[in-house]
Number of protein chains: 2
Amino acid sequence: MTPPKLLDEAALKARELQIINSAVLLIQKIGIENLTMDKVVAEVPFSKGTVYKHFIGKEDLLLAISNYAIGLLADLFYRAYQFKGCARSRMLLLNFSYLIYAMLYPALFQTVLCAKSPNVVGKSSEKHIKEGERLDVKLMTSINGIVEDALNDGSLVLPLNMDVQQICFSNWSMAYGAISLLSGEVEQCSGRTSLIVERELFNHSNLLHDGMGWQPLTKDSSHCNELKIALDKLFPQELAKIKAKGRELNFDSFSSPA
Amino acid sequence: MTPPKLLDEAALKARELQIINSAVLLIQKIGIENLTMDKVVAEVPFSKGTVYKHFIGKEDLLLAISNYAIGLLADLFYRAYQFKGCARSRMLLLNFSYLIYAMLYPALFQTVLCAKSPNVVGKSSEKHIKEGERLDVKLMTSINGIVEDALNDGSLVLPLNMDVQQICFSNWSMAYGAISLLSGEVEQCSGRTSLIVERELFNHSNLLHDGMGWQPLTKDSSHCNELKIALDKLFPQELAKIKAKGRELNFDSFSSPA
DNA sequence: TTAATATGTGACGATTCGTCACTGACGAAA
DNA sequence: TTTCGTCAGTGACGAATCGTCACATATTAA
């Protein structure tokens, strides 16, 4: 039996993270649908009661993993925000960083999808729900930064009756909707649809941004080529990892319909 | 003990529907997070073994309920498709019928969100997965019809490198993303965000359709007023039910940012 | 009439969950 | 130094949930 000792916040957080990491590995091994607390407990050097001190149940653990994943994604978003290039290209790059993350960390991506489900929220602790809300704001920060840059340089003018937050939300919900509905196509083509997630994401981004009047418009620019170059510059290691998993972004599909 | 008897497809389907209806009522009573098979069995005049003949588990039941909900939604979509009006207005109307359905049947709406989650799909029968795929196609049928009408009357020209299916998917994923991410605002304002689901849905529809060049453009039309009138004409009873639940579509918010 | 088939049942064992009495380390008080 | 109180870790245990299938019954076929 591990001797009890006084714990500070950092030690608690480190232990929580250790449990989360073990759970993620387990999800990769057995699939998210077979995850149970007993199985997680078997993977960590802590007792069941200790694990329940961190998470009130499986759904709370899933939410905590989701929060961790959103934190990772926010880092990718930040890198896209910082990239040198016109604002609209950076937003497109940011949208693709979401797809990169989903391809790179399918277990984390799936956990976020699960965590957005009503039955997970209904069985999670206030602590992790609040943390999730803060992370959602963090996720919006880079989107917000790009929109502000675009407003400042004049490439974007706020559409009538819309403010910055709404613009940011429209971009996020567009990417979220497309990638969620095509989640079965993220790791590989399922053969069940002719829709291609990277192509649809590209097209939806362009339609939405054109609808906003965000310069340069699609007809005036080679967004596809720029995106390719930018991705290679910003995420070379991530792209290499994805390639090593047998998946590549299918840029050729962008110029052909389904 | 109910005497065994030979069953035909219709009787099986009717029984399955009876179980589904009881489960929906139960979800309304106890919340989706507290649903268990034992509790469902307690609500229906069948044994546990009989219920398990229809659903291989709770997740399969959730998927079956979700399929039922999608069927309902497809009917609303069809009504929007049949409405008299310009194609773009009918598409906006169709998007709003999705919100109407979510407000009207929150338990069904939540079940669809749950059913799209990876852990539900991973624990469902091929039968209900396949049925879900067919219903997804059914859902797209009305969207498809409106797009075809728009192409035929010239109000929409296919954007470069996109086909009809992709246009349909972009509309659906846009609405799905917005309403899913704002699912906590569907029944009532949560106070946690200044985003308003009906306003964001309206704005995203307009941005996306403008991006497609779908006539009439937002700047040339009073989409808001038309929508209001169309909703009153097409869904008077549904709107009355929603109002009786203490919720109304906040059209006034459309002309003011967050 | 007997045997085979189809269907409904709920007792039962397996699994998962969440709790808490017990244990032990440590610091404070006597 | 000894005793007491507090804090943290533990896993046995009872409750809840799950999924199965031996048994019972009605109907059909031989």
Side-chain angles (χ1 to χ4, degrees), chain A residues 1-19 22-23 26-27 29-65 114 119-120 122-128, chain B residues 1-19 22-23 26-27 29-65 114 119-120 122-128:
Chain A
M1 156 139 140
T2 309
K5 56 184 172 181
L6 278 193
L7 286 172
D8 59 19
E9 271 300 309
L12 275 171
K13 191 69 206 174
R15 194 169 65 185
E16 181 156 316
L17 216 44
Q18 186 177 352
I19 300 170
S22 293
L26 191 57
I27 289 171
K29 194 170 13 170
I30 65 174
I32 201 166
E33 65 274 8
N34 298 312
L35 187 75
T36 67
M37 292 299 271
D38 276 345
K39 289 172 186 167
V40 173
V41 168
E43 299 287 321
V44 296
F46 313 114
S47 71
K48 200 167 183 182
T50 300
V51 172
Y52 272 97
K53 283 197 160 41
H54 289 269
F55 314 104
I56 63 173
K58 182 175 103 171
E59 289 75 18
D60 199 33
L61 170 62
L62 285 175
L63 180 57
I65 297 173
C114 285
N119 62 321
V120 167
K123 279 181 141 183
S124 294
S125 61
E126 206 58 34
K127 166 188 159 192
H128 288 122
Chain B
M1 154 135 140
T2 310
K5 57 185 173 181
L6 277 192
L7 285 174
D8 57 21
E9 272 299 310
L12 276 171
K13 191 68 203 171
R15 193 168 67 186
E16 179 157 317
L17 216 43
Q18 187 178 353
I19 299 169
S22 294
L26 191 57
I27 289 171
K29 195 174 3 175
I30 65 173
I32 201 168
E33 64 273 7
N34 297 314
L35 186 76
T36 67
M37 293 300 269
D38 276 344
K39 288 172 189 168
V40 174
V41 169
E43 299 287 321
V44 296
F46 312 115
S47 70
K48 201 167 183 181
T50 300
V51 172
Y52 271 97
K53 282 198 160 38
H54 290 270
F55 314 104
I56 64 172
K58 182 174 103 172
E59 288 77 17
D60 199 31
L61 171 61
L62 285 175
L63 180 57
I65 298 175
C114 285
N119 62 321
V120 167
K123 279 179 136 178
S124 293
S125 62
E126 206 57 36
K127 167 191 162 192
H128 288 121

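Bear in mind the structure is a predicted one, so any value in this text is a computation, not a measurement. Side chains included, hydrogens not; waters and symmetry mates left out as well; all remaining heavy atoms used.
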Next item on the list: Take B:Asn34 and B:Lys39 through the side-chain contact (heavy atoms from CB on, under 4.5 Å) test and state the conclusion after the steps.
Entry: CA-CA 9 Å; B:Asn34 297 314; B:Lys39 288 172 189 168; 4.1 Å; yes

Next item on the list: Indicate yes or no: at least one non-hydrogen side-chain atom of A:Phe46 is less than 4.5 angstrom from one of A:His54.
Entry: no

Item checked: Residue met sooner reading DNA chain D from 5', once B:Lys58 and B:Lys53 are mapped to nucleotides -> B:Lys58

Notebook entry, point to check: Quick one: does B:Lys48's side chain get under 4.5 Å of B:Asp38's, heavy atoms only?
Noted result: yes

Note to self: Heavy-atom count check: over 12 atoms from other residues, nucleotides or ligands less than 6.0 Å from B:Lys29 NZ?
What the structure shows: no

Note to self: Tell me which residues in residues 34-44 of chain B lie within less than 4.0 Å of DNA chain D, going by non-hydrogen atoms.
What the structure shows: B:Thr36, B:Met37, B:Asp38, B:Lys39

Margin query: I want to check something: taking the side chain as every heavy atom from C-beta on, are A:Ile27 and A:Ile65 in contact at a cut-off of under 4.5 Å?
Written below: yes

Notebook entry, point to check: Taking atom P of D:dT10 as reference, at what distance in whole Å does atom CD1 of A:Ile19 sit?
Noted result: 10 Å

Notebook entry, point to check: Can you tell me how far P of C:dG8 sits from CD of B:Gln18, to the nearest Å?
Noted result: 12 Å

Next item on the list: Would you kindly give the CG-to-C1' distance between B:Leu7 and C:dT9, to the nearest whole Å?
Entry: 14 Å

Next item on the list: Find out whether B:Lys58 and B:Leu61 are in side-chain contact, i.e. whether some heavy atom of one side chain is under 4.5 Å from a heavy atom of the other.
Entry: no

Next item on the list: Send over the distance from A:Lys48 NZ to C:dC22 C1', rounded to a whole Å.
Entry: 17 Å

Check: Within this structure, what is the CD1-to-P distance between B:Ile56 and D:dG19, rounded to whole angstrom?
Finding: 8 Å

Notebook entry, point to check: Between D:dC18 atom P and B:Tyr52 atom OH, what is the distance in whole Å?
Noted result: 5 Å

Notebook entry, point to check: Nearest-Å distance, CG (B:Leu61) to C1' (D:dC18)?
Noted result: 14 Å

Note to self: Output the rounded distance in Å from NZ (A:Lys123) to P (C:dG18).
What the structure shows: 6 Å

Next item on the list: Tell me whether the OP1 or OP2 atom of D:dG11 has a side-chain N or O from A:Ser47 closer than 4.0 Å.
Entry: no

